[in-house]
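Remarks on the structure that follows.
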Amino acid sequence: MINVQKPFDDLKPIDAISVKEKKSLILAIQECRKVLYFNSGFCEAQPNEELNKFSDLIQIYDTKYSFDLDGYPLSINRLFEAQKSENHLNDQIAISIFQYINWSQNIKSINLSSLEPFYVYSSKRKTNLYRGRNEYQIKSFNTNLTLYTAPSSSKIIEPLLTDLNLIIKSSGRFEDLTHLALVHFQFRALAPYLFMNGHIARFITKHSISQIHPSLYALPLSAVIFKDKENYHTLMRDIVIDQEYEEWCVYLINAIKVSGEVFLDKYKKFQALKRLNLEILSKYTEYDLPAYELNSILFSCVYIKPNTIIKELVCHRHTAYMYLKHLTSMGILIEKTSGREKLYWHKDLYDIFSD
């Protein structure tokens, strides 16, 4: 039994890790591939504009949970409100989340140097991004007791970091889900940065999966893991102790599969609600509304600003407020004051992402 409060200096390079082809692992890989490739085909058949709007919303939803897993909690409703509010409600977590999303959508290939800009603008420290000899511990969500302490010796960290960087850059290898699971494990176990190592491990995993189809970058992997967050940490400790990497691979591959299923389920609910809203706007209003155009705006974000309607429909401010008044009286939107602004909450759309 290892002392979990002592830095674990026995990490192996990824290529030195042996994974047995157990029946449970083979089945997990098969089931995961079915879901991912089904999702890919499904996404190919969807209208690009609609799919992109949904993907943007579910990425916000998932990033909230990823930050939460690393100790930066924020309610999903506040995050959606911050998306459209002035200066993101001056909430530093919300600001960091939207900075991350903007950054992540422009990343084409991954290596450790390409990850550094995220840390530069997310941290008040502009130097010392790498952990060096600083201790990094993973603690229980339930008890706050230490479950694992990452290596702190530069002799251990530097060669493993070089190895990890080379593997991250060789993106073609991520077709192997087992290998992808090990990269995820190794990034968390090595913990090269001062903070948010788990978040970046999940980002690398999702970025790699997006090679199957671009929309899969928005798989809600963190939201799935969050529901089993204690096991996410304790299993890592157990793997470090027992060296039974197959169990970790099965766990993460199953989480990827479930995230694909959640993505599909929420997208179908998104489409059903969009069709219902369009029918209401087209048939059951006393006022002649531009139904298709308004419906498109309603499903681009959870909170609507009057200026969005003015800009998208190229209409007068009075006209935009008239549309919003009708949408509110119909029960589609709820008026809400946010600081000095007036926003309109699409509650039914929010409910799809509220769990």
Side-chain angles (χ1 to χ4, degrees), residues 52-107 115-127 129 193-196 199-200 202-203 217-218 220 222-223 226 294 296-321 323-325 327-328 332-355:
N52 290 338
K53 287 179 178 179
F54 172 78
S55 296
D56 289 343
L57 288 170
I58 202 167
Q59 188 183 22
I60 295 171
Y61 160 81
D62 190 56
T63 304
K64 167 261 185 296
Y65 284 107
S66 191
F67 272 62
D68 204 323
L69 283 167
D70 275 39
Y72 300 93
L74 185 68
S75 77
I76 188 64
N77 193 25
R78 182 171 174 81
L79 183 58
F80 279 128
E81 183 180 344
Q83 181 191 15
K84 286 298 177 182
S85 293
E86 186 178 4
N87 299 320
H88 297 316
L89 299 175
N90 291 314
D91 189 306
Q92 190 55 52
I93 296 176
I95 291 169
S96 294
I97 284 175
F98 290 114
Q99 285 177 329
Y100 157 74
I101 289 172
N102 290 335
W103 165 81
S104 66
Q105 290 177 342
N106 293 317
I107 291 290
L115 300 176
E116 288 178 18
F118 165 68
Y119 284 93
V120 170
Y121 62 62
S122 297
S123 174
K124 293 180 181 179
R125 310 180 190 93
K126 300 302 180 185
T127 58
L129 300 176
Y193 294 110
L194 288 168
F195 66 107
M196 299 292 277
H199 171 71
I200 291 298
R202 293 183 290 277
F203 163 72
Y217 78 89
S222 299
F226 185 82
L294 277 176
S296 179
I297 294 171
L298 286 172
F299 285 84
S300 63
C301 46
V302 170
Y303 282 85
I304 309 298
K305 294 179 74 168
N307 282 346
T308 304
I309 293 180
I310 294 169
K311 181 180 177 181
E312 294 294 324
L313 300 186
V314 194
C315 65
H316 192 274
R317 179 172 293 274
H318 175 76
T319 304
Y321 275 101
Y323 292 155
L324 288 166
K325 180 181 177 181
L327 291 169
T328 303
I332 294 176
L333 295 179
I334 299 172
E335 185 178 321
K336 182 173 181 179
T337 300
S338 179
R340 296 176 298 176
E341 297 179 287
K342 185 177 289 186
L343 298 179
Y344 293 82
W345 185 28
H346 193 175
K347 174 79 165 49
D348 290 338
L349 179 59
Y350 165 76
D351 286 343
I352 294 174
F353 301 98
S354 65
D355 289 339

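Any value given below was found using the heavy atoms of this structure, including those in side chains, with hydrogens, waters and symmetry copies removed.
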Just so I know, are the side chains of [X] and [Y] near enough to count as touching, which here means a heavy-atom distance under 4.5 Å?
{"X": "Tyr321", "Y": "Ile309", "result": "no"}
{"X": "Lys342", "Y": "Thr337", "result": "no"}
{"X": "Leu324", "Y": "Glu335", "result": "no"}
{"X": "Leu294", "Y": "Glu312", "result": "no"}
{"X": "Tyr344", "Y": "Pro306", "result": "yes"}
{"X": "Arg202", "Y": "Asp62", "result": "no"}
{"X": "Leu79", "Y": "Thr63", "result": "no"}
{"X": "Ile60", "Y": "Asp56", "result": "no"}

[X] vs [Y] aromatic rings, parallel, tilted or perpendicular, using cut-offs 30° and 60°?
{"X": "Trp103", "Y": "Phe203", "result": "tilted"}
{"X": "Phe353", "Y": "Phe54", "result": "tilted"}
{"X": "Tyr61", "Y": "Tyr65", "result": "perpendicular"}

Worksheet, complete the sentence: Across all chains, not counting sequence neighbours, the side chain to side chain contact (heavy atoms under 4.5 Å, CB included) partners of Lys53 are Glu49, Ser296, Ser300
Discussion item. Under the rule for side chain to side chain contact (heavy atoms under 4.5 Å, CB included), what residues qualify as partners of Asn90, not counting sequence neighbours?
Written reply: Asn87
How close do [X] and [Y] get, heavy atom to heavy atom, and via which atoms?
{"X": "His318", "Y": "His316", "value": "N-ND1, 2.9 Å"}
{"X": "Lys84", "Y": "Thr308", "value": "NZ-OG1, 4.2 Å"}
{"X": "Ile95", "Y": "His88", "value": "CG1-CB, 3.8 Å"}
{"X": "Ala320", "Y": "Ile310", "value": "CB-CG1, 3.6 Å"}
{"X": "Leu69", "Y": "Ser222", "value": "CD1-O, 3.8 Å"}

Worksheet item: With a cut-off of 6.0 Å (strictly less than), are more than 12 heavy atoms of other residues, nucleotides or ligands near NZ of Lys336?
Response: yes
Practice prompt. Apply side-chain contact (heavy atoms from CB on, under 4.5 Å) to the pair Ile297 and Leu313, showing each step before the final yes or no.
Written response: CA-CA 9 Å; Ile297 294 171; Leu313 300 186; 4.1 Å; yes
Separation of [Y] [atom2] from [X] [atom1] (nearest 0.5 Å):
{"X": "Tyr303", "Y": "Leu333", "atom1": "OH", "atom2": "CG", "result": "11.0 Å"}
{"X": "Asp351", "Y": "Ser354", "atom1": "CG", "atom2": "OG", "result": "4.5 Å"}
{"X": "Tyr193", "Y": "Ile200", "atom1": "OH", "atom2": "CD1", "result": "7.0 Å"}
{"X": "Glu81", "Y": "Leu343", "atom1": "CD", "atom2": "CG", "result": "6.0 Å"}

Has the side chain of [X] got a donor or acceptor atom that lies under 3.5 Å from a matching backbone atom of [Y]?
{"X": "Ser55", "Y": "Asn52", "value": "no"}
{"X": "His346", "Y": "Val302", "value": "no"}
{"X": "Gln59", "Y": "Tyr217", "value": "no"}
{"X": "Asn102", "Y": "Phe98", "value": "yes"}

Practice prompt. Take Phe299 and Leu57, measure what side-chain contact (heavy atoms from CB on, under 4.5 Å) needs, and give me the verdict at the end.
Written response: CA-CA 9 Å; Phe299 285 84; Leu57 288 170; 5.9 Å; no
Worksheet entry | Check: Tyr72 ring centroid to His199 ring centroid under 6.0 Å | no
Worksheet item: Does Asp91 have any side chain to side chain donor-acceptor pair (under 3.5 Å) partners at least two apart in sequence or in another chain, and if so, which?
Response: Arg78
